[in-house]
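Just so we're on the same page: letters track the sequence lines, and every chain starts at 1.
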Amino acid sequence: MRFAETGFDLEIDLTRGNIERVKTDPGLTALHLGGQGMNAKILWDRVGPEVDPFSDDNLLIFSSGLLHSTPVPGANRTCVDTFSPQTNMYSHSLFGGFFGPELKHAGYDRIIFRGKAENLVYLFVHNDKVEIRDATHLQGKGALETGALLKEELGESEAQVAAIGLAGENRVFMATIEHANSSASRGVGVIMGDKRLKAIVVRGTKDINIAKPAELFNICNPMYREIYENEDCGDTMAHEDDEEFHVNNFAWGNARARNVGFWNAEREVRWREITEAVRLRWTGCYNCPKDCHQAIRLPGKQTYFQKCYSKLTYAMAAYEEIDFNYDFLAVTQEYGLDGFSTPQVLAFAIELYEAGILTDEDLPDFPESGGDRFYYLVEKVVAREGVGDALANGVYHAARQIGKGAEKYDHNSMKKFEQVPLKLGMINYPYFLMYATGAKMNITQIEGSYPQVAIADKEERQKFVDRWDAAPKRFKDWFLSWEPRTHPTVEASVNICDWNETMHYIDDSIGTCAFLSSFRGQFGGRPPYHIYNLPEFISLASGLDLDSDKLWEIAARNRNLVRAINIRRGLRRVDEKPPEDHWKKRDPEMEAKLLDEYYKFKGWTHDGIPTKETLDKLDLDFVSDDFLERGILSASEGES
Amino acid sequence: MAETTKKIVQEIKIDLDKCIGCRACEVACSAYHAKPRYSSINPARSRIRVIFDDLNDVYVPIRAGDYTPAECTGRHTYTINEKEYKECSFCGVACPARDYFKEPDSGLPLKCDMCVSDPPLSEPMCVQVCTCDALTYVEREIEAGPEVSREEIEIGLESMANKYGWKRVIDTVARMSNKD
Ligand code: SF4
Ligand code: SF4
Ligand code: SF4
Ligand code: SF4
């Protein structure tokens, strides 16, 4: 019997209209768990480095996590993996809500799409019934609207839907996949659109087996209250009306300058009033006691859900008043646009116009105010009309397509992808490593276990460490000796980067929400889930024999496999650098040393390639064989 | 005249405004009623279901009441946030007209049993996991007179009615009472 997982994948060939239910190998679960780990294995095996992201051979995988549909609270993040046309690398995204658990109840751990449909289609899954259906009548429909229409039309009010809006349909690189109160960003919506897949509708009513059901329930039941009462977890910032942190610390416009002083008492009051007027309620995700998502309704408009980060990003990028943000989100949410990248793309276009690189010819009747310009531009981008066609490829590509010096204005992307608009003073060692080497495109998907700032008061510091159950001892020692405004040592920095990313690799394979674990340790040090209690949850659910060391090793295996996928597509040390102006004061010598030491620690070559020894130790022999055959590793490097 | 006795009535109060739509109540109820206990999670088997219509801000947890053998005739429509709902959506019975509260494979009706168990739970499972207090458990002491036994008669009559139809039950009762 398979525990915690169904043991079946759905294979959908959209070109041929073929549907298969395929039994999976339980041995792979022991090696990779589920979610991102299994997706990485499938992508490594089946999508060679020569495959163009827009070709039939690219796969789009929706995977549940190993703990979905078990009683473990907060296990609901569905993982979407593919290859991105923007980076030409592995692309990984996650969304919360209810989709993954429903998929498992339908009898599948994941859906693997290949090929492309001729016309717009949607996939309908109701337990054993799986159909590819015509979706041409949904063309141009909003992302959430599509979900509502499909449920109505199918008479499946309890189904879960993931859908793209017009942005995805038109292969806009910033397109999201929207589901209930959550969305998948970072370059996966564009592939769903390229495959002509408008939506996936899932309804499942089957059981999931648990290895040690009573024991598991026993440790899950107290977690509800613990999570609910733990003020250091969940999306704590979502509930605050004081936006000073984001507004003052993040750069405005095209990630240009901070606007310190903009946030004041008057705006805070008004912001609260606006928000209370448009909020219908706070909502949560499947089996989680937190309520991180605001349901928003503006007069005369359709309801949408506001996600953690997008609170004021559009207003800041457009240099607009705070009122602008909720209005504009109503538009972008239905088009299905990513709240990280889109504001920067639009602000980038405005900069180009002001610099005379884009002209009235490119942007006829271009309005005056930032806000009006955003409304104008977003239509062009989503329709891929005129200069919008270039902008729809993200800042990096748009800059090169537009030319005339536009490249200079692409200053905040890394590995061709827009980054969080942070412009800081002095280089930060662990953050340098996380930015440079992370494979998840966004710092929030990499950072999170080790605090961002030191605690000045020694007594407070000791108190923090005393209740820091989530941290291995070495981190407690480093934290105790860490004085504010000093750098952690190189050794500590390397370890911090490693621990931070390891926790995300664990979350993303079992499907637990980062707000309850990998992202939340850095503030308060009390994530409900951590390296010491997760093995028990996973073992009791799945029957796998795990402890903290073994779990860490699985995360390392998944990390190295993702690394290998990108290495095979050409990623090397030269690509591993943060946006040029992320820090004003850089330290090239130290940066080189940090990379050297991090690579060494990881068991990678000087060029950042996992060595044969590293790979073989992690049961990734098939990767080292491939690397040797392709000459990516030379025989001598292989042995190092 | 029969003596009045004290009786504890168990109730679960539902506050729709507080519901965050997390469906933890469904998870916990289905786990608790799985056989063996906790052996499976499956919201489709839960005796409490959250009716969702997130674009219209409808989050309505309903518990499974008694089974009705037929759809009722007096259906109404309600309008919430400009959208119409059939009364059915909020009727807590296991009714043949809809899919809620039926075992997914056998189609047998499911009914909330207030999680009675020995030893008793501190609170029903769905309430325990509903940390935001959309569901709260209340015990009320009521004066109970002879009605207690009448309730039993009612239950008995109802099951007979389900089996034979009200007409035959009423005819029989009438015939038998005439004999006295
Ligand atoms: S912590 Fe927030 S985002 Fe995460 S699962 Fe819970 S409700 Fe969703
Ligand atoms: S557990 Fe409570 S808040 Fe969550 S869906 Fe059920 S009733 Fe609503
Ligand atoms: S669900 Fe309730 S209201 Fe609807 S037909 Fe059945 S008994 Fe009547
Ligand atoms: S009281 Fe018990 S049986 Fe009734 S709905 Fe709640 S958990 Fe289920």
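Your options are A:Arg225, A:Lys151, A:Gln302, and the one with the most heavy-atom pairs under 4.5 Å with chain B is A:Arg225. Most heavy-atom pairs under 4.5 Å with chain B: of the set A:Asn221, A:Asn209, A:Ile227, this distinction falls to A:Asn221. Between chain B and the residues A:Cys288, A:Pro71, A:Ala295, A:Cys220, the largest count of heavy-atom pairs under 4.5 Å involves A:Pro71.
Of all non-hydrogen atoms in B:Cys22 and A:Phe98, the two that sit nearest each other are O-CE2, 4.3 Å. The two residues A:Pro213 and B:Ser39 come nearest to each other via the heavy atoms CB-CA, 3.5 Å.
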Self-check item: Working for salt bridge (charged side-chain N to carboxylate O under 4.0 Å, His left out), residues B:Arg45 and A:Asp207
Solution: CA-CA 9 Å; B:Arg45 293 188 201 282; A:Asp207 291 342; 2.9 Å; yes
Practice problem: Check step by step if side-chain contact (heavy atoms from CB on, under 4.5 Å) holds for B:Asn42 and A:Ile208. | Solution: CA-CA 7 Å; B:Asn42 190 350; A:Ile208 300 294; over 6 Å; no
Quiz prompt | Verdict with supporting geometry, A:Tyr286 and B:Val27, side-chain contact (heavy atoms from CB on, under 4.5 Å) | solution = CA-CA 9 Å; A:Tyr286 182 81; B:Val27 169; 3.2 Å; yes
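Both the backbone and the side chain of A:Thr205 have a heavy atom closer than 4.5 Å to some heavy atom of chain B. Contacts of A:Glu229 with chain B are absent, with no heavy-atom separation under 4.5 Å from either backbone or side chain. Contacts of B:Ala28 with chain A are made by both backbone and side-chain atoms, with heavy-atom separations under 4.5 Å. For A:Lys290, the part lying under 4.5 angstrom from a heavy atom of chain B is the backbone only. In this structure, chain B has heavy atoms under 4.5 Å from both the backbone and the side chain of A:Ala180.
Within 6.0 Å of NZ in A:Lys206 there are more than 12 heavy atoms belonging to other residues, nucleotides or ligands. A:Glu231 CD: 12 or fewer foreign heavy atoms inside a 6.0 Å radius.
In this structure, CD in A:Glu145 is found 9.0 Å from CG in B:Leu55, a value given to the nearest 0.5 Å. Considering OH of A:Tyr228 and SG of B:Cys132, their distance stands at 6.0 Å, rounded to 0.5 Å. For the atom pair B:Thr131 OG1 and A:Tyr224 OH, the distance stands at 9.0 Å (nearest 0.5 Å). Atom CD of A:Glu152 and atom CG of B:Asp53 lie 8.5 Å apart (nearest 0.5 Å). Atom OG1 in A:Thr283 sits 8.0 Å away from atom CZ in B:Phe52 (nearest 0.5 Å). Note: B:Arg23 CZ to A:Asn76 CG = 11.0 Å, rounded to the nearest 0.5 Å.
Checking side-chain atoms of B:Asp54 against main-chain N and O of A:Asn181 turns up no donor-acceptor pair under 3.5 Å. A donor-acceptor pair under 3.5 Å links the side-chain atoms of A:Arg281 to the main chain of B:Cys19, judged by distance alone.
Applying the ring-ring contact (aromatic ring centres under 6.0 Å, His included) test to pairs two or more places apart or on separate chains, none has a residue in residues 99-133 of chain B.
Contact residues of residues 114-128 of chain B toward chain A are B:Met125, B:Gln128 (heavy-atom distance under 4.5 Å).
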